[in-house]
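First up is the structure itself, then whatever we jot down about it.
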Amino acid sequence: MNCLLFGPPGAGKGTQSAVLVRDLGMAHLSTGDMFRNAIRSGTKWGIEAKAYMDAGALVPDEVVIGLVSEALDSLNGRQFVLDGFPRTLAQAKALEGLLEDKGLSMGPVVFLDVPDDILEGRLTGRRVCSRCGAVSHVDSSPTRVEGVCDVCGGPTVQRSDDRLEVVRQRLVAYRESTLPLRDYYLKAGRLVAVDGAAPMDVISRQVREIVSKGA
Ligand code: AMP
């Protein structure tokens with residue numbers, strides 16, 4: 001069942017998406033990853049998005065919606081998990097139009113609920129391997145050798161938008177623009193909340209069950 005993972009930056013959307021990809025064979029549609037790939041390839045969208053991302057701001061709706069529309073066209077029938085989209089009410093409404101136009105349906109909206117006070121530490125301590133993308137954390141899941149990826153031996157780095165001043169801005173943008181979607185999906189009877197501060201395997205089991213059942 002197609003699904004949407006929703007929650008603040010640092011809630012674990014990427015981590016749980018990876019579990020759904022691994023266990024249920026779903027396609028992972030992460031708008032953040034799409035922008036980071038576009039930045040690496042130096043495309044027009046990448047250059048446009050980078051300034052917003054480095055400021056902790058949201059990329060304009062029309063750019064994001066265009067990217068998601070293209071991604072939905074390239075699924076070849078695979079079920080998908082949306083990660084980091086929609087982030088505004090306008091994006092949520094646009095998504096409904098896109099799904100209808102493309103004859104696709106959407107299952108549960110999984111809300112990863114994490115208290116504010118642990119988000120900052122999760123984000124600023126996160127490190128990403130610049131070669132294979134594996135994610136570690138300086139306190140909760142450090143690499144065996146500092147700065148060296150356990151998976152491939154590549155260098156681990158901090159995402160430029162995981163610096164404290166940008167993280168604070170991202171959390172402001174989340175509260176202002178994205179949090180209202182929680183009520184939107186709650187009223188629509190689509191929201192299923194999961195305790196995103198629980199142990200990783202507990203969260204993964206719950207998310208997998210919700211997505212497999214479709215509710
Ligand atoms: P993420 O990897 O999901 O944390 O996204 C990183 C950054 O990409 C965000 O802070 C935004 O600047 C941008 N971004 C990702 N998805 C969206 C979206 N749906 N709408 C606007 N900006 C986005």
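No experiment lies behind these values; they were computed from the predicted model shown. Indexing begins at 1, ligand by ligand and atom by atom, following the structure's order.
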Is Asp162 salt-bridged to Arg170, cutoff N-O under 4.0 Å? yes
Which class fits the ring pair Phe111 and Phe6: parallel under 30°, tilted 30 to 60°, perpendicular over 60°? tilted
Polar side chain donor-acceptor pair, Asp54 to Ser160, under 3.5 angstrom: yes
Below 4.0 Å from any atom of ligand 1, which residues have a heavy atom? Give them in chain and number order, please. Thr31, Gly32, Phe35, Arg36, Met53, Ala57, Leu58, Val59, Val64, Gly84, Phe85, Arg87, Gln91, Arg159, Asp161, Arg170
Electrostatic pair Lys13-Asp83, nearest N-O below 4.0 angstrom: no
If you measure only the distance, is there a donor-acceptor pair under 3.5 Å linking the side chains of Lys102 and Ser69? yes
Listed once per pair and sorted, the salt bridge (charged side-chain N to carboxylate O under 4.0 Å, His left out) pairs that draw on residues 173-202, sequence neighbours left out: Asp116-Arg175
